[in-house]
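Below: one structure, written as structure tokens.
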Amino acid sequence: MDYLENAKSWLLGDYDEQTKAEIHALIDSGNTTALEDAFYRRLEFGTGGLRGIMGVGTNRMNRYTVGMATQGLANYILKNVPGDNHSVCISFDSRNNSAEFAKITANVLANNGISVWLYDELRPIPLLSFAVRQKKATAGVMITASHNPKEYNGYKVFWSDGAQIISPVDKDIVAEVNAITDPSMVKFEPGDKCAEITLMGKEMDKQYMDAVTTLMLSPDSVKNHEDMKIVYTPLHGSGVRIVPALLDRIGFKSIYHVPEQDISDGNFPTVKSPNPENGEALTMAIALADKENADLVLATDPDADRVGIAVRDNEGKMVLLNGNQTGAILTYYILRRRSELGTLGPKCFCVKTIVTTELIRAICEKYGVKIYNVLTGFKFIADIVRRNEPDGGEFVCGGEESYGFNVGQFVRDKDAPISCAMVAECAAWAADQGKTLYQLLQDIYAEFGYYKEGLVSLVREGKAGAEEIAAIMVDMRNNPPKELAGTPVVKVVDYLKPEETGLPSSNVLQFYSSEGDVVSVRPSGTEPKI
């Protein structure tokens, strides 16, 4: 798109005066790079929804791009979902403009005759997924950019099973969104046929916590260690109420808060990035843990679908565990306890993603539980759950290396509150055996072998960055490495070739060495990085 002509069309169009003033300021600043990035394309409504920097422009998150996405979603529902009793659940996190975007989404849907269940205050993604299932809603929308920097916001779409949309629904919704080419096509104002917007809140929190308590496996261990000291931080996000309430509900009495980070603030003032994958984000929580001699640190991201943890090592020092280690500990604990309790049936299964540690596979094989390997993204884990339901298959647990995990059937996405509860219970169970979580991980390595992983991210922002990332992937395909760490590459897997992988097409490459090492290369679907 001609970015300058596109910007001028907004100045002449039916946009509010504040938006036009911001465009004038952008033009007058002489920053052509910023102006081009704001207007050179439409913000892509991908297979999961929108995610982008907030601001004016077609390539930005603002009231107009949110409204156009919502009108497209409404049009899809009205054209393709039988009946006339449609409803959508909506939640939002602590990011700047999240509450406003949620209200715009609710109003546009209601103006299209679609009933809305809107959370009264910020709530995590797991509570949105849970509400969709409980309310038997047609769809759900979560306003969040997850763990992205503060400049971002996003719009995630969930379907009637509480999972993020996948093919073919996602592509059909994308087509409807792309057909909305101008804000004049959006029902921002009420018309003849408006539906109700109903608030929901504490009653849904209670139902969620009631459900989660049924997943607990070692209540006696929790009672034995109810005073175990746990530090929790929501990193200014939406886990602020639900996680401490859930930990208290299952029996833990010594929960310490980081007061500065309990404040819901989209500027995330105490961290460089509100991402528990970044160790820096847990600095204040670890300092509090050392002050109070706490055993465990738990941190959730703004939409509370990811959890980062820190535990004490053999010298008593707090150390961070990565997503693979946390996933392995939880899988081991859950399968071992369910095996001991006799509740592992023949149709039980677990799921992991292709970039997640094979240690989880080894654990599943020991306990005779089927393990599925899927593309990156929890929507693919949820798809396996959906596919197995008709035959009575039971999803036990599953996760991905990017600090996402879930247990049970109540939620169809990453669930940090459930993960926090299960990690704390596992710590109590380990303590019953005179061990820490760190020592439990050492036991797992001793039994199944030592697995080591690392992550390197290259951030490349803007239009030029997107082009550079695309070029890197082209070069990797055309010139794959001949060796890894001095040993020859013996296999290359290209996930753009579904006929070879048996999975949907995805822009991912994997290189395997003769020593069993594997390097995965992929562009992020949600951030400007590879």
Side-chain angles (χ1 to χ4, degrees), residues 49 63 66-67 69-71 73-74 77-78 81 84-145 153-162 186-191 193-212 234 236-246 249 262-266 300 302-305 410-413 415-417:
R63 72 183 310 270
V66 167
T70 305
Q71 187 63 54
L73 173 63
I77 290 172
L78 295 172
V81 180
D84 54 7
N85 189 25
H86 306 120
S87 64
V88 175
C89 296
I90 302 174
S91 186
F92 56 95
D93 68 5
S94 60
R95 288 182 175 272
N96 296 329
N97 298 313
S98 280
E100 179 191 349
F101 291 160
K103 289 176 183 176
I104 290 169
T105 303
N107 287 333
V108 172
L109 288 168
N111 294 342
N112 278 275
I114 297 172
S115 300
V116 172
W117 295 94
L118 174 65
Y119 270 112
D120 55 0
E121 294 180 289
L122 76 171
R123 290 299 195 288
I125 273 183
L127 269 293
L128 185 275
S129 175
F130 184 80
V132 169
R133 294 175 62 78
Q134 291 295 111
K135 298 292 187 184
K136 294 181 170 55
T138 311
V141 174
M142 178 77 190
I143 306 296
T144 179
N153 213 322
Y155 182 107
K156 284 186 176 180
V157 180
F158 295 73
W159 207 232
S160 55
D161 64 343
V186 180
K187 293 184 179 180
F188 282 112
E189 300 300 327
K193 186 182 178 183
C194 282
E196 289 190 4
I197 298 174
T198 306
L199 295 181
M200 58 182 176
K202 290 182 179 178
E203 77 288 348
M204 194 58 64
D205 296 346
K206 182 181 182 302
Q207 291 179 44
Y208 172 80
M209 289 191 286
D210 287 346
V212 174
H236 302 287
S238 60
V240 60
R241 283 182 293 274
I242 197 71
V243 173
L246 181 57
R249 173 72 180 273
D262 270 356
I263 299 169
S264 300
D265 187 339
T300 56
D303 58 354
D305 61 353
F410 302 115
V411 169
R412 296 298 166 89
D413 211 309
D415 192 321

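Heads up: numbering here begins at 1 and tracks the sequence. All values derive from a computational prediction rather than experimental measurement.
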[X] atom [atom1], over 12 foreign heavy atoms within 6.0 Å:
X    : atom1 : value
E189 : CD    : no
K103 : NZ    : no
D84  : CG    : no

Any side-chain heavy atom of [X] sitting closer than 4.5 Å to one from [Y]?
X    : Y    : value
P234 : D262 : yes
S115 : T198 : no
F188 : V108 : yes
K187 : T70  : no
D413 : D415 : no
D93  : P124 : no
E196 : V116 : no
K136 : S160 : no

Item checked: Sole candidate of F130, F410, Y119 that passes ring-ring contact (aromatic ring centres under 6.0 Å, His included) when paired with Y208 -> F130

Check: Can you list the steps and then say if D305 with K156 is a side chain to side chain contact (heavy atoms under 4.5 Å, CB included)?
Finding: CA-CA 13 Å; D305 61 353; K156 284 186 176 180; 3.9 Å; yes

Checklist line | T138 (side chain) donor-acceptor with S87 (main chain) under 3.5 angstrom | finding: yes

Check: Can you check whether G162's main-chain N or O pairs, donor with acceptor, with S129's side chain at less than 3.5 Å?
Finding: yes

Notebook entry, point to check: Between S98 and T144, does a side chain to side chain contact (heavy atoms under 4.5 Å, CB included) hold up when you go through it step by step?
Noted result: CA-CA 7 Å; S98 280; T144 179; 5.8 Å; no

Gap between atom [atom2] of [Y] and atom [atom1] of [X] - 0.5 Å precision:
X    : Y    : atom1 : atom2 : result
I104 : L109 : CD1   : CG    : 12.0 Å
M200 : D120 : CE    : CG    : 9.0 Å
S91  : I125 : OG    : CD1   : 8.5 Å
L127 : M209 : CG    : CE    : 8.5 Å
N85  : I114 : CG    : CD1   : 11.0 Å
D265 : N96  : CG    : CG    : 7.0 Å

Could you tell me which non-hydrogen atom of [X] sits nearest to which non-hydrogen atom of [Y], and how far apart they are?
X    : Y    : value
Y155 : A69  : OH-C, 4.1 Å
G67  : V186 : O-CG1, 3.5 Å
D161 : R412 : O-CG, 3.2 Å
L246 : P417 : CD2-O, 3.4 Å
S94  : H236 : OG-O, 2.8 Å
G239 : P244 : O-CD, 3.6 Å

Next item on the list: Examine the side chains of N112 and Q71 and answer whether a donor and an acceptor come within less than 3.5 Å of each other.
Entry: yes

Notebook entry, point to check: Looking just at side-chain N and O atoms, do S238 and D303 make a donor-acceptor pair shorter than 3.5 Å?
Noted result: no

Checklist line | R249 bridged to D210 by N-O distance under 4.0 Å | finding: yes

Next item on the list: State whether D205 and R123 are salt-bridged, where the test is any N-O pair (Lys NZ or Arg NE/NH1/NH2 against Asp/Glu carboxylate O) under 4.0 Å.
Entry: yes

Next item on the list: Show your working on side chain to side chain contact (heavy atoms under 4.5 Å, CB included) between V88 and I77 and close with a plain yes or no.
Entry: CA-CA 10 Å; V88 175; I77 290 172; 4.0 Å; yes

Check: Does NZ or CZ of R133 come closer than 6.0 Å to the centre of the six-membered ring of F158, within 45° of the ring's axis?
Finding: no

